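Everything below concerns the one structure shown next.
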Amino acid sequence: MPPQTRGSRLPKIVIERQFESEESSSESEPENEEDDGGDSEMLSEEENGGKEEEEMDVEKGKRKEKKPITISLKKVCKVCKGTGHEAGFKGATYIDCPKKPCFLCKTPGHTTMTCPHRVATEHGVVPAPRRNTQKPLDYVFERQLRANIPAIKLGHVVPDQLGAAVIRLHSRRVTCLEFHPTNNNILLSGDKKGQLGIWDFCKVNERTVYESVHRIILNSMKFNPVNDGTLFTAASDGTMCLTDLETGISDRLMDLNPNGWNGVANWRMLYGLDICWEKNLVLISDNFGYLYFLDQRSKKKVGEPVLIHKKGTKVVGLHCNPLQPELLLSCGNDHFARIWDLRRLEAGASLCSMSHGRVVNSAYFSPHTGSKILTTSQDNRIRIWDCIFGNLETPSREIVHSHDFNRHLTCFRAEWDPKDLSESLAVIGRYISENYDGVALHPIDFIDTNTGQLVAEVMDPDVKTISPVNKLHPREDVLATGSSRSVFIWRPKEKSKTEHEEVEERKYKIFVCVKEGKKGQKKLEDGSDDDDDIGDSDGCHKKGKRPKSSGKGKKVR
DNA sequence: AAACGATGGAACC
DNA sequence: TGGTTCCCCTCGTT
């Protein structure tokens, strides 16, 4: 399908200085005649040209060496700077630069428009070079590990209808999300500023943002397994905190920069965080390749930090195996994911190193048996290892999926559906957009990791920003999304309703948090007369205060 | 409506 | 190894 062309888009302006010879102005340009030559022409300064030319003529003798500026309106591709084509949005469709490798699968010769991986159904899957389930031993493992796993593939319930939202809950982009372990309606969110949001998405106005838990990027959080009123958080300010959710008071358990700022090269940041319940250890990783330990009960550092990834590189993710908590999975910027045995942990002694094409954003054991591994790498591939006891040299599957690195976005991470007993469903936001009825939307993809099939793509015309952060509820059919500064809740479509009814009553509630004096909420406000939730963000942004319950539901459309 | 800027990682030397 | 340069679907603000 050919993209709609936008009628009169202003071409880029290139200013060239030239020497006297007027003829030369016409020589430099005729590259861009090809497709829409109509509006790509070159103009040598005309409007003022009239006047100035006369003046020049008057004083022609003197100013012979003048250097006229020629403004040529050339279309230049913003990607490769070449002419004759132009990358970018044409309406809601993005046109790739044909000179660059495919933005999706990274192979040259085609663009995303024609990429076979774009239509996701199984085209994305690079089959395993070697199956792990061929050996007798593997069958034993399979039978032991997956004894309770349904052999028949279950139908997945996909929460694909927008249920509630808080627009601009945070003042910077959302970096992580977590559902409360016991209270089904509480969603926690961290942001780039280090703030912590707490939202009861059933009583939508119940939201709080604690401003001073951290000073910069809240990278990960984990509930305290012995007290679910408290939360461990790790941040780029180099601290790890245990925060009381009622009061917002934080206990700083670790500070890697006790002497303050000592230059970028020395500033330590904390990224990965997980808890080994068997050893009562909180595990934290930093941006220099090290893993730290903290005793969960005494809240004291224990042992010495261990180098688990290339020195000087970020260790962005940690995950303890759900069945064998002493098995630790780590991943980082050195392009590796590694499995470690916490009982015999020392630098270089990983049980296994899994190589990736680029930075590994996340690596997770499967939620029930812990026998699978799911990783997200910046090479636009999701990798799955089907059995950690098999040969881990190469992944069992690679699924091409658009989740590139962009420094302005939170890194994408594919996550398992914790409710899926077959351990096959994963969720991840998509970077590249699709033209949905004239709107460019970035869906959230549900992928069957056994086949690479796209089970569902979740989107809504009111969610126009990219959604890199997604979390599936551990018990309910609920999806939480962090997109830019906003938080969204999705639920499954009610079966009783017809398509038409759904459209008629888009019931979800949107709340807007805006700092005083800021504009921008207009679109979401209209049709509604109660504005009293606007501006109350002050109230809900204060550390230690409960939110003012002033927000009212707003229908959109 | 266009311009701007914040600012991570990789490729290059 | 370290400094420099470049960069493709952002997003919110001016």
Side-chain angles (χ1 to χ4, degrees), chain A residues 3 6-13 76-82 85-106 108 110-113 115 118 167-175 191-193 216-217 219 236 263-267 269 271 287 309-314 316 332-335 356-361 377-380 401-412 429-436 439-443 459 463-469 482-486 512-515 517-524:
Chain A
R6 239 186 325 180
S8 58
R9 198 185 168 283
L10 274 179
K12 297 263 179 187
I13 296 180
V76 174
C77 172
K78 67 179 178 185
V79 178
C80 74
K81 310 287 185 287
H85 64 276
E86 221 185 347
F89 275 105
K90 290 270 185 282
T93 308
Y94 191 91
I95 309 298
D96 262 355
C97 170
K99 301 267 164 71
K100 290 276 183 170
C102 171
F103 191 57
L104 176 54
C105 72
K106 308 297 178 197
H110 64 273
T111 65
T112 54
M113 205 58 74
C115 178
R118 182 148 189 146
I167 305 299
R168 287 206 249 173
L169 175 67
H170 289 273
S171 50
R172 289 287 181 275
R173 58 168 214 246
V174 172
T175 52
D191 73 18
K192 190 168 164 278
K193 229 177 164 184
I216 27 174
I217 317 175
N219 288 310
S236 290
V264 213
N266 297 304
W267 187 258
M269 311 189 225
Y271 282 87
N287 57 328
H309 281 264
K310 188 181 170 188
K311 200 167 189 173
T313 63
K314 268 189 213 167
V316 288
N333 281 21
D334 64 351
H335 301 192
H356 291 68
R358 294 259 229 124
V359 167
V360 191
N361 290 344
S377 169
Q378 287 175 14
D379 64 359
N380 264 2
H401 178 264
S402 172
H403 50 255
D404 272 38
F405 173 80
N406 176 318
R407 69 179 175 283
H408 310 294
L409 301 175
T410 305
C411 288
F412 292 85
R430 196 193 302 173
Y431 188 2
I432 54 172
S433 62
E434 198 73 55
N435 185 342
Y436 295 99
V439 192
L441 299 176
H442 308 264
M459 90 293 277
V463 183
K464 295 194 181 69
T465 46
I466 294 177
S467 307
V469 192
S483 190
S484 184
R485 296 143 68 165
S486 307
V512 185
C513 297
V514 193
K515 290 275 184 191
K518 294 279 164 66
K519 290 171 267 176
Q521 71 276 23
K522 198 129 189 42
K523 189 191 156 283
L524 289 168

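Only a predicted model underlies this, so the values are computations on that prediction, with no experimental measurement involved. Lettering of chains follows the sequences in order, A, B, ..., and the numbering in each one begins at 1.
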A:Lys106 NZ: over 12 foreign heavy atoms closer than 6.0 Å: yes
5'-most by nearest nucleotide on DNA chain C - A:Lys310 or A:Pro101: A:Lys310
Heavy atoms under 4.0 Å, any strand shown: does [X] hit a base, just sugar-phosphate, or nothing?
{"X": "A:His335", "value": "sugar-phosphate"}
{"X": "A:Lys99", "value": "nothing"}
{"X": "A:Arg358", "value": "sugar-phosphate"}
{"X": "A:Asn333", "value": "sugar-phosphate"}
{"X": "A:Phe405", "value": "base"}
{"X": "A:Ile432", "value": "base"}
{"X": "A:Ser484", "value": "sugar-phosphate"}
{"X": "A:Ser402", "value": "nothing"}

Which residue lies more 5' along DNA chain B, comparing A:Lys192 with A:Val359 via nearest heavy atoms: A:Lys192
Test item: side-chain donor near acceptor, A:Ser236 and A:Asn219, under 3.5 Å: yes
Where A:Thr93 and A:Met113 come nearest, the two heavy atoms and their spacing: CG2-CE, 3.6 Å
Between [options], spot the one nearest the side chain of [X], thanks.
{"X": "A:Lys81", "options": "C:dC7, C:dC11, B:dT7", "answer": "C:dC7"}
{"X": "A:Asp96", "options": "B:dG9, C:dT10, C:dC8", "answer": "C:dC8"}
{"X": "A:Thr465", "options": "C:dG12, B:dG8, B:dA10", "answer": "C:dG12"}

Protein-nucleotide distance ([X], atom [atom1]; [N], atom [atom2]), rounded to Å:
{"X": "A:Lys311", "N": "C:dT1", "atom1": "NZ", "atom2": "P", "value": "10 Å"}
{"X": "A:Ile466", "N": "C:dG12", "atom1": "CD1", "atom2": "P", "value": "11 Å"}
{"X": "A:Tyr271", "N": "B:dG9", "atom1": "OH", "atom2": "P", "value": "6 Å"}
{"X": "A:Asp404", "N": "B:dA10", "atom1": "CG", "atom2": "C1'", "value": "13 Å"}
{"X": "A:His309", "N": "B:dG9", "atom1": "NE2", "atom2": "P", "value": "14 Å"}
{"X": "A:Met269", "N": "B:dG9", "atom1": "CE", "atom2": "C1'", "value": "12 Å"}
{"X": "A:Lys193", "N": "C:dC11", "atom1": "NZ", "atom2": "P", "value": "19 Å"}
{"X": "A:Lys100", "N": "B:dA10", "atom1": "NZ", "atom2": "P", "value": "16 Å"}

Does [X] make a side-chain N or O approach to OP1 or OP2 of [N] shorter than 4.0 Å?
{"X": "A:Arg485", "N": "C:dT13", "answer": "yes"}
{"X": "A:Arg168", "N": "C:dT13", "answer": "yes"}
{"X": "A:Asn406", "N": "B:dG8", "answer": "no"}
{"X": "A:His408", "N": "C:dG12", "answer": "no"}
{"X": "A:Lys90", "N": "C:dC9", "answer": "no"}

Test side chain to side chain contact (heavy atoms under 4.5 Å, CB included) applied to A:His442 - qualifying residues, sequence neighbours left out: A:Ser433, A:Ile466
Flag, side chain of A:Asn380 to backbone of A:Cys105, donor-acceptor distance under 3.5 Å: no
A:Thr112 side chain vs A:Leu104 backbone, donor-acceptor pair below 3.5 Å: no
